[in-house]
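The structure appears below as structure tokens.
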2 protein chains.
Amino acid sequence: MKPQRANSRNDALIEAAAELFASQGYKSTSMRDISKAVGMLPGSIYYHFPSKDDLLLAIYESGVERITETLEAAVEPLVDPWDRLQAGMSAHIRAITQESAYTRVIFRVEPDDVPKYKSQLVALRDRFEAQFKSLVDDLPLAPWVDRHLLRLMILGAGNHARLWFSPDGGNAPEEIGARFCRLVRDSICN
Amino acid sequence: MKPQRANSRNDALIEAAAELFASQGYKSTSMRDISKAVGMLPGSIYYHFPSKDDLLLAIYESGVERITETLEAAVEPLVDPWDRLQAGMSAHIRAITQESAYTRVIFRVEPDDVPKYKSQLVALRDRFEAQFKSLVDDLPLAPWVDRHLLRLMILGAGNHARLWFSPDGGNAPEEIGARFCRLVRDSICN
DNA sequence: TGACTAACCAAACAAGTGTTTGTTTAATCA
DNA sequence: TGATTAAACAAACACTTGTTTGGTTAGTCA
């Protein structure tokens, strides 16, 4: 009466692959790397997934699902538009630097790396970025502000954190998100 | 009396490699791709460069030299700190989206892709990013503004443009740089 | 003219790639 | 118990990878 054994190995496989894709990138991770990490032979992976590309696609889908839910959960209880943006930016930084490997893969692996599923991967990324559209649209801004470009700036600032964030020593993701939000919000010219 | 023939082929080779690295990425570009693009056999490349890694390093160095000079030239004649920042951001966007393949490689290929020269590539990137440090430091800002994080936000916003910039249809790099700068400068809360 | 060299070709090399095939083991279920 | 199936192994396959080696050609220079 323990039919979960089946899924457990499948989960371990996808988890190990996500960890490697997130830390080494897609092209630099071989099926042999993955098989070694999960403790099976290279060919055995193909019982669970038809190809390396499909494996990544599955990780991407899980990752986007997680990040969208996490972001929604962080924003939902808040009312003030600026509070909501801050919570969103914090969740963004968290997903990119700390959270599960699934979410980190989304920002590490570019859709270009998998021509076969490029459009799907782009669409998945868009689903996440779209969440910021409403966050920005709800801000009480002067009419001349370019909300589209503001959203792109916010997303860019968050994505970039992957390259400089340091888990120990520097600030926590929540602190970074808060400070980013304050930069956007406050008048910063004298 | 035409000893430049030698360098001309060398330049064509590095140029072709830069074009491919910028558009396809480092791992996805093979020496055979490069050799085909420049019109020689794969092995012939090794007369000019000792390895693929060294080829990338040379491109990186040229790219950083170009972008730093371009940025300096764009900023140098200006005096007002905000004008200088705007010129810098425009140059950044230009280098990432349009300019020579050399500069685009810097933002497309991550140092992680070349473990052998990772530290050198990171150092080269830093040389570029350092230029923004002085641009941000010279801004007349309220004392509570986190200049370090502001610089990271600006760099992130620029780097991100690679993923959404459209040469035709959308705005020109200069227009984007100007609007980005205005977003940073103006108070955007009501 | 003859030695020298820059620049390349032609062909292979060893290692690594994603993937497939046939087989085995262990658990499930009638 | 016996048939069935999930899940993996063992071994190879066809191909691509960066790179090396030895030879060839054309131009330079004393």
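Residues D80(B) and R84(B) are not paired through a salt bridge, judged by the lack of any N-O separation under 4.0 Å between the basic side chain and the carboxylate. The existence of a salt bridge linking E110(A) and R162(B) is confirmed by a sub-4.0 Å separation between a basic side-chain nitrogen and an acidic carboxylate oxygen. Using a cut-off of 4.0 Å between Lys/Arg side-chain N and Asp/Glu carboxylate O, E175(B) and R179(B) are scored as salt-bridged.
Phosphate proximity of dA6(D) to H48(A): absent, as no side-chain N or O sits under 4.0 Å from OP1 or OP2. For dA8(D), neither phosphate oxygen OP1 nor OP2 lies less than 4.0 angstrom from any side-chain nitrogen or oxygen of Y47(A). A sub-4.0 Å separation between OP1 or OP2 of dT16(D) and a side-chain N or O of R32(B) is absent. Between R9(A) and dA8(D) there is a side-chain polar atom (N or O) within less than 4.0 angstrom of OP1 or OP2.
Across the protein-nucleic acid pair, K52(A) atom NZ and dT17(C) atom P stand 8 Å apart, rounded to whole Å. A straight line from CD1 of I34(A) to C1' of dA8(D) spans 17 Å, rounded to a whole angstrom. Nucleotide dG16(C) holds its C1' atom 12 Å from the NZ atom of K36(A), rounded to whole Å. To the nearest angstrom, C1' of dG16(C) lies 11 Å from NZ of K27(B). For the pair F49(A) CZ and dG18(C) P, the computed distance is 16 Å after rounding to whole Å. Note: CE (M31(A)) to P (dA15(C)) measures 23 Å, nearest angstrom. Straight-line distance from the CG atom of D33(B) to the P atom of dT16(D): 11 Å, rounded to whole Å. dA11(D) atom P lies 10 Å from atom CG of L41(A), rounded to whole Å.
Residue S28(B) is classed as having no contact, given no heavy-atom separation below 4.0 Å to the nucleic acid. S35(B) comes within 4.0 angstrom of nothing in the nucleic acid, heavy atoms only. Within the 4.0 angstrom heavy-atom criterion, base atoms lie near S44(A).
Side-chain atoms of Y47(B) and N10(B) include no donor-acceptor pair closer than 3.5 Å.
Between F107(A) and F128(A), a ring centre-to-centre spacing shorter than 6.0 Å is recorded.
Residue-to-nucleotide proximity on DNA chain D shows that, of Y46(B) and G43(A), the 5′-proximal contact is made by G43(A).
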